[in-house]
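What follows is one structure encoded as structure tokens, with my remarks underneath.
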Amino acid sequence: MADIKSLIAEFEKVALNPAKSAAELKKETGKKLIGMFPYHLPEEIVYAAGMLPVGMWGGQTEIKLSNKYLQSFCCSMIKANFEMGMNKTYQKVLDGVVMAAYCDTLKCICEDWKVAVTDMPLIAMYYPQNRKIAAAIDYMGAEFKKAQEQLEAIAGKKVTEADLEAAWEVYEAYRAESRKFVKLVAKMPKTLNATVRHLVIKAAWFMDKKVYTEKLAALNAAIEAAPAEEFNGKKVLVEGIMVEPIALLDAFVENDVCIIGDDLSHQSRMFRIEGRKEGTVYEKMAYRIADAYADPLLLDEKKEHGKELIDMVKEYGADGVVVCAMKFCDPEEYDYPIFKEELEAANIPVLYMEIEQQMESVGQYKTRIQAFAETLA
Amino acid sequence: MEQKEKLSSKQMLNDLMADHYQSALDAKADGKLVAWATSIAPQELLTTMGINVVYPENQAAAIGARKEAQKFIDHSEGRGYSVDLCSYARVNFGYQQLKKSESQDIPMPDFIYSCSNICHTVLKWYENLAKELNIPLIIFDLPFNHTYDVQDHAAKYMKGQIEEAIKRLETISTKHYGKKVEFDHDKFKAVMEQSNATSQMWKDATMVAKAKPSPLNGFDLFNYMAGIVTNRGTKAGYEVFKAWKEELEAKAAAGLGPWKPGEEEKFRVMWDGIACWPYLGSTYKGLKNNGINMVTSTYPDSWTILYDNGDIEGMAKAYSGIYCNSNLQNGVDRITRIVNEYSLDGIVFHSNRSCKLLDFRQFEQQRQIEEKTGVATVLFDGDQTDPRAFSTEQYNTRIQAFLETLENKKEERRKG
């Protein structure tokens, strides 16, 4: 148990102070850091170039400068990123930024960024939505190659195939260990409460993935060796882009509600797809996009988001689903009415909460989570 | 034939639209395939296959203009669709369930045909339709152009999608009709030729507005736009725009302006963004009453899809390179060209609550264009179909301030 606590403390320290953690990471490794906007991006190439990818998922910042570019009805997470580019928070640690146009907002942010944030290299990408056809795999290969050239210029180093293969292996190991971790939450729902679970996963965005994976493997091993915890609270799945601020996660803990599984862009959607074994690294990266399922940011001809949630509820033994809808996120807002009806038809309780990153108080959410927990059988 | 020649282009347009909707409804009744498509999709494939197609955006605009949008919007929001989503989509989701509109009915689709060059929103919107109606979804995903021009690898990806779509259309048709249906490549070439000709005629007609005064009252553009959306691949569409062009040329030659004799075109402006359909009258009068004529918009170019016949990658580039799908610099340059070519005094920017893609570049675009061209600009809040997101009073106040700037700038120019 001591092991578990101290390992968790390490992850918490990293995840609770992203700016500080990134600065320390840069200092300790001597490597350049590349900021990665949401969502799927070629982290493997950044890693292969001898640099470290760092997550950019918004955060608490005063929205001021970005109002010069964006109307009020813009996603708070993306707006926070833009603000921190404009107010030069990112420039303190990042050597470049990668973003891809997964939604209309990101298309524009990328264009505005070119004008508003000129003191940091920007790599602008597009991931295909008609993602399963051969032409899309080729297209992604060309996009990766272009991004690689730009990343090489920042790194001052050419990336070899061996570098790419090694980076791919690091990432596959990270993704496999992360998949294992999210399953292990069920064994220790008290220790790995909503906040802790979040911070353990979040820490990956501010660490060298190889180092992170080693530590996570140690944590997973320690959890496996520990006795299962008895838990009488409720278990829910969370759906959305991400769940923050931290006070919102604390609201789950305070109400004895465990996040038993997630369908979040910030978490499982990033690592739940296992790579294929055959092909070049570019192809394997492209096939991870082609093989992704039930991801609101990737076109799904069969629209199986609801089915996926129902399957997950069964698999994890969840009592209900809490939708943490990032306000003004079109892809999420289009999916919700469809999967809501499917979940209701399957008699699965759903709590819908619209969230914004810069909200001042989470009081009303606490009350709603409590009320929801009480209704769960 | 003789009688046809006497028709005005407006009457021809009305006939064209009536025929468009009626033939789609008839086709459905006859058991023929019907598709729902986005407004700037490669219709050439559907036209070649002889598949009837209707455009939900077009219908939503008609529903909005006839002030019927709210009931459909309410229905969608009642099902959980956020008020922050595109109001065309909310109208369409409502119609998809209620299936009856006083403004304009359309037949329900047998498959969905969506192209992301106008926005990402249509991918999600049409994905939902396909799911709810349990019908095939054919999509064309045109990568947003962060580079100034369309990149070759993006055109290849688009070409791959066109080839894939042709196979799927053959499969869908074969299954529907119970007999083998093949894509006719010769007919495809003829359709491409017609589509280019109609696009060019649309563009030529709208360009007559460069004359001073402009013979075109730009709000008419919003009406004729229905024609180019629905009939870009047809000879009938071509004929409407030809007649329209001739009328405008005759007016220009006679020195006639956009309105009645005596109503002077004092200022010439461009409209950026989609119309406020539920408030067409208010937005129009707010400008006209002050002598401001909306001469053009980004619409004429958006449906000017030109490419060499038979060149699929060229066709892909033409669809991909439209204004909505182009980067900021490209957009600024286009509008700058429009300002110069149409001798504009100003630009009206519609901050359209429905359209994040146009909105979130608009502030910067406005700044850059003002700096480059020196014209007056104004930005107002509204929405394409949600009647709750627009205030006539606020709009008029904005236009009053705009008018003052226009007058001041004119005075400065006069003084040299």
Side-chain angles (χ1 to χ4, degrees), chain A residues 67-71 73-75 99 101-112 114-116 122 124-131 133-136 138-143 145-146 296 299-304 306 325 327-338 340-341 352 354, chain B residues 76-77 79-82 84-86 89 93 114 116 119-121 123-128 130-132 136-141 143-147 151-154 156-161 163-164 324-325 327-329 331 351 353 355-365 367-368 381:
Chain A
N67 289 331
K68 197 179 155 196
Y69 288 83
L70 302 166
Q71 281 91 334
F73 44 90
C74 177
C75 156
M99 60 177 99
Y102 279 100
C103 61
D104 290 328
T105 300
L106 279 170
K107 288 176 189 174
C108 296
I109 292 293
C110 190
E111 290 305 310
D112 290 331
K114 289 181 194 169
V115 181
L122 165 71
M125 300 185 70
Y126 187 86
Y127 274 65
Q129 292 289 330
N130 210 345
R131 58 202 163 92
I133 62 172
D138 292 343
Y139 172 77
M140 272 188 270
E143 280 291 275
K145 195 161 173 249
K146 252 183 59 199
L299 187 104
D300 179 7
E301 211 180 312
K302 292 185 182 150
K303 194 122 194 156
E304 292 188 321
K327 192 163 169 57
F328 306 124
C329 171
D330 281 356
E332 279 283 330
E333 287 175 350
Y334 275 103
D335 275 14
Y336 170 67
I338 303 279
K340 178 186 83 138
E341 283 176 12
Y352 180 82
E354 209 167 56
Chain B
S76 297
E77 289 175 3
R79 294 184 59 211
Y81 282 106
S82 167
D84 300 316
L85 291 172
C86 166
F93 289 138
S114 167
S116 71
C119 59
H120 241 60
T121 285
L123 292 176
K124 297 299 293 183
W125 165 6
Y126 280 59
E127 183 187 75
N128 281 19
K131 166 85 176 183
E132 299 228 56
L137 171 66
I138 294 179
I139 72 149
F140 298 92
D141 171 40
F144 183 82
N145 296 298
H146 288 301
T147 47
Q151 300 179 89
D152 289 339
H153 69 288
K156 286 197 176 72
Y157 166 45
M158 174 66 178
K159 186 184 176 198
Q161 295 179 80
E163 287 162 357
E164 187 72 19
C324 295
N325 209 38
N327 77 3
L328 181 70
Q329 203 47 55
S351 173
R353 194 67 176 70
C355 188
K356 296 183 174 82
L357 178 60
L358 292 181
D359 292 339
F360 295 158
R361 284 176 283 175
Q362 209 166 33
F363 291 175
E364 178 58 18
Q365 224 166 15
R367 277 190 293 271
Q368 288 195 21
D381 298 316

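Chain naming here is simple, since letters A, B, ... match the order of the sequence lines and numbering starts at 1 in each.
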Side chain, backbone, both or neither: which part of B:Cys86 has an atom under 4.5 Å from a heavy atom of chain A? both
Any donor-acceptor N/O pair, B:Asp141 side chain to A:Gln129 backbone, under 3.5 Å: yes
What closest approach, in Å, do B:Gly160 and A:Ala135 show between heavy atoms, and which atom pair accounts for it? CA-CB, 3.8 Å
Determine the minimum heavy-atom distance between B:Lys356 and A:Phe328, stating which atoms define it. CE-O, 3.6 Å
Between B:Leu358, B:Asn325, B:Asp84, the one whose heavy-atom pairs under 4.5 Å with chain A are most numerous: B:Asp84
Verify, without hydrogens or angle tests, whether A:Glu111 (side chain) and B:Leu328 (backbone) share a donor-acceptor contact under 3.5 angstrom. yes
Quick check on A:Ile133 against chain B: is it the side chain, the backbone, both or neither that has a heavy atom closer than 4.5 Å? side chain
If you measure only the distance, is there a donor-acceptor pair under 3.5 Å linking the side chains of A:Gln71 and B:Ser351? yes
With under 30° as parallel and over 60° as perpendicular, where do the rings of A:Tyr126 and B:His120 fit, or are they tilted in between? perpendicular
Could you check whether any side-chain N or O of A:Lys114 sits under 3.5 Å from a backbone N or O of B:His146, counting only pairs where one atom can act as donor and the other as acceptor? yes
Contacting moiety of B:Gln151, where chain A heavy atoms sit under 4.5 Å: side chain
Do B:Arg79 and A:Tyr336 form a cation-pi contact, if we require the NZ or CZ to be under 6.0 Å from the six-membered ring centre and within 45 degrees of the ring's axis? no
For chain B, which of A:Lys302, A:Glu143, A:Glu304 has the most heavy-atom pairs under 4.5 Å? A:Glu143
Among A:Asp330, A:Asp300, A:Asp335, which one satisfies salt bridge (Lys or Arg N to Asp or Glu O under 4.0 Å) with B:Lys124? A:Asp335
Any side-chain heavy atom of B:Phe360 sitting closer than 4.5 Å to one from A:Asp104? no
Apply salt bridge (charged side-chain N to carboxylate O under 4.0 Å, His left out) to the pair B:Arg361 and A:Asp112, showing each step before the final yes or no. CA-CA 7 Å; B:Arg361 284 176 283 175; A:Asp112 290 331; over 6 Å; no
Could you walk me through whether B:Gln368 and A:Val115 pass the side-chain contact (heavy atoms from CB on, under 4.5 Å) test, one step at a time? CA-CA 10 Å; B:Gln368 288 195 21; A:Val115 181; 3.8 Å; yes
Most heavy-atom pairs under 4.5 angstrom with chain B, which of A:Ala116, A:Cys103, A:Ala325? A:Cys103
Heavy-atom pairs under 4.5 Å with chain B are the metric here; pick the option from A:Ala134, A:Pro128, A:Gly141 that has the most. A:Pro128
Selection from B:Leu137, B:Ile139, B:Asp381, B:Leu123 maximising heavy-atom pairs under 4.5 Å formed with chain A: B:Ile139
To the nearest 0.5 Å, tell me how far B:Lys131 NZ sits from A:Ile338 CD1. 7.5 Å
Checking A:Asn130 against chain B: side chain, backbone, both or neither under 4.5 Å from a heavy atom? both
Ignoring hydrogens, what is the shortest heavy-atom contact between A:Tyr334 and B:Asn128? Give both atom names and the distance. O-ND2, 2.8 Å
Which bit of B:Gln365 is near chain A, if near means a heavy-atom gap under 4.5 Å: side chain, backbone, both or neither? neither
From B:Cys324 SG over to A:Lys107 NZ, what is the distance, rounded to the nearest 0.5 angstrom? 8.5 Å
Which answer fits A:Lys303, side chain, backbone, both or neither, if we ask what part of it has an atom under 4.5 Å from a heavy atom of chain B? both
Is there a side-chain contact between A:Lys68 and B:Phe363 (heavy atoms, below 4.5 Å)? no
Of all the heavy-atom pairs spanning B:Leu357 and A:Cys108, show the shortest one and how long it is. O-SG, 3.1 Å
Check each atom of B:Arg367 against the heavy atoms of chain A and say whether the ones under 4.5 Å are side chain, backbone, both or neither. side chain
Parallel, tilted or perpendicular, judged at 30° and 60°: which one describes the rings of B:His153 and A:Tyr139? parallel
Mind checking whether B:Phe144 and A:Tyr102 have ring centres under 6.0 Å apart? no
With a 4.5 angstrom heavy-atom cut-off, could you sort out which part of B:Glu164 is near chain A: side chain, backbone, both or neither? side chain
Report which part of B:Tyr126 has an atom under 4.5 Å of a heavy atom belonging to chain A: side chain, backbone, both, or neither. neither
